[in-house]
Amino acid sequence: MIVTIDGPAGSGKSSAARQLAKRLGFRFLDTGAMYRAVALAGKEQGVDWQDHSQLTRIALSLEIYLHDFHVFLDGRDVTDEIRTVEITQLTKHVADNPDTRRILVDAQRKLAQGLDVVTEGRDQATVAFPQAECKIFLTAGETVRAQRRFLDLTTRGERVTLESVLANQSRRDQEDEERVIGGLRMAPDSILVNTDGLTQDQVVETLEKLVRSKMPG
Ligand code: DC
């Protein structure tokens with residue numbers, strides 16, 4: 001069974017999807033981490049961000065391995081490195097490149113093949129897994145999302161203000177929504193869940209009920 005969870009940054013989908021996968025005993029696919037890993041490799045290899053072919057070559061040659069909620073890039077654990085403000089901004093170049101998108105969507109389908117999976121991203125219901133049995137679109141108000149991201153970044157020692165987080169988030173929302181291929185769009189058969197005012201446990205419980213209602217008898 002494939003469960004897709006799409007939504008904007010800070011909607012809480014990452015932690016919710018992770019916990020949901022644990023509860024269900026499903027594999028978890030953090031597709032944002034794959035885009036981020038390519039951006040990190042691009043930075044380390046000093047790519048020209050305007051040259052699409054350089055990034056595409058990197059995406060093709062990399063080995064991205066997702067295991068136990070950790071992300072490995074050619075065998076190196078990059079779980080924390082891919083979450084910095086700088087890599088978050090650079091990831092735009094990977095997400096905007098139709099060729100790298102195709103390579104990563106292909107990799108996502110291979111990783112999910114024959115397995116029960118909770119997959120999280122922007123285009124999972126619309127592009128990667130249109131046949132998914134359960135599609136969820138998770139969202140939350142702008143301020144709530146920015147507060148979550150602010151807490152997350154400051155806990156990891158980054159020096160940011162709530163205002164800068166909110167401004168970056170608005171820009172990223174716009175980029176994600178306007179992206180022609182793989183942009184953030186709700187599939188017609190997705191179920192909308194707004195996480196405003198819900199605790200993390202309540203979100204996971206809501207999602208678990210939804211998934212179980214879609215499980216074959
Ligand atoms: O979910 P995240 O913040 O880790 O995602 C990082 C960036 O990657 C985000 O700005 C959009 C992009 N992304 C995408 O285009 N498609 C996906 N399936 C997942 C992420």
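All ligand and atom numbering here is 1-based and tracks the order in the structure.
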Residue portion contacting ligand 1 (non-hydrogen atoms closer than 4.0 Å) for [X]:
X      : result
Glu175 : neither
Asp176 : side chain
Arg83  : side chain

query = Is the shortest distance from a heavy atom of Arg101 to ligand 1 less than 4.0 Å?
reply = yes
- Going by heavy atoms, is Arg179 under 4.0 Å from ligand 1? yes
Restricting to heavy atoms, the pick from Arg171, Arg36, Glu120 nearest atom 4 (O) of ligand 1 would be Arg36
Check: of Arg149, Gln89, Arg122, Arg172, min heavy-atom distance to atom 17 (C) of ligand 1 comes from Arg122
By the definition side-chain contact (heavy atoms from CB on, under 4.5 Å), identify the one residue from [options] that meets it with [X].
X      : options               : result
Leu138 : Asp6, Val193, Leu192  : Val193
Val3   : Leu29, Val117, Val118 : Val118
Glu81  : Arg76, Arg36, Lys43   : Arg76

Indicate yes or no: does [X] engage [Y] in a salt bridge with an N to O separation below 4.0 Å.
X      : Y      : value
Asp173 : Arg145 : yes
Asp99  : Arg102 : yes
Arg83  : Asp152 : no

Going only through I, L, V, M, F, W and Y residues with side-chain contacts under 4.5 Å, is there a path from Leu66 to Ile5?
-> no
Counting each atom of ligand 1 from 1 as listed, which ones have a heavy atom of [X] under 4.0 Å away?
X      : value
Lys13  : 1 (O)
Gly32  : 4 (O), 5 (O), 19 (C), 20 (C)
Thr91  : 7 (C), 8 (O)
Ala95  : 12 (C), 15 (O)
Gln124 : 18 (N)

re atom 19 (C) of ligand 1, the protein heavy-atom contact at minimum distance is Thr31 OG1, 3.5 Å
re atom 18 (N) of ligand 1, the protein heavy-atom contact at minimum distance is Asp123 OD1, 2.8 Å
Worksheet item: Would you say Gln108 has any N or O atom under 3.5 Å from an N or O of ligand 1, going by distance alone?
Response: no
- Query: Got a donor-acceptor contact below 3.5 angstrom from the Glu133 side chain to the Ile2 backbone?
  - Reply: yes
Notebook entry, point to check: Would you say the side-chain atoms of Lys135 pair up with the backbone N or O of Pro130, donor to acceptor, closer than 3.5 Å?
Noted result: yes
TODO: Go through the steps to decide whether Ser15 and Arg148 satisfy the test side-chain hydrogen bond (donor to acceptor under 3.5 Å, both in side chains), and finish with yes or no.
DONE: CA-CA 11 Å; Ser15 4; Arg148 281 189 191 137; over 6 Å; no
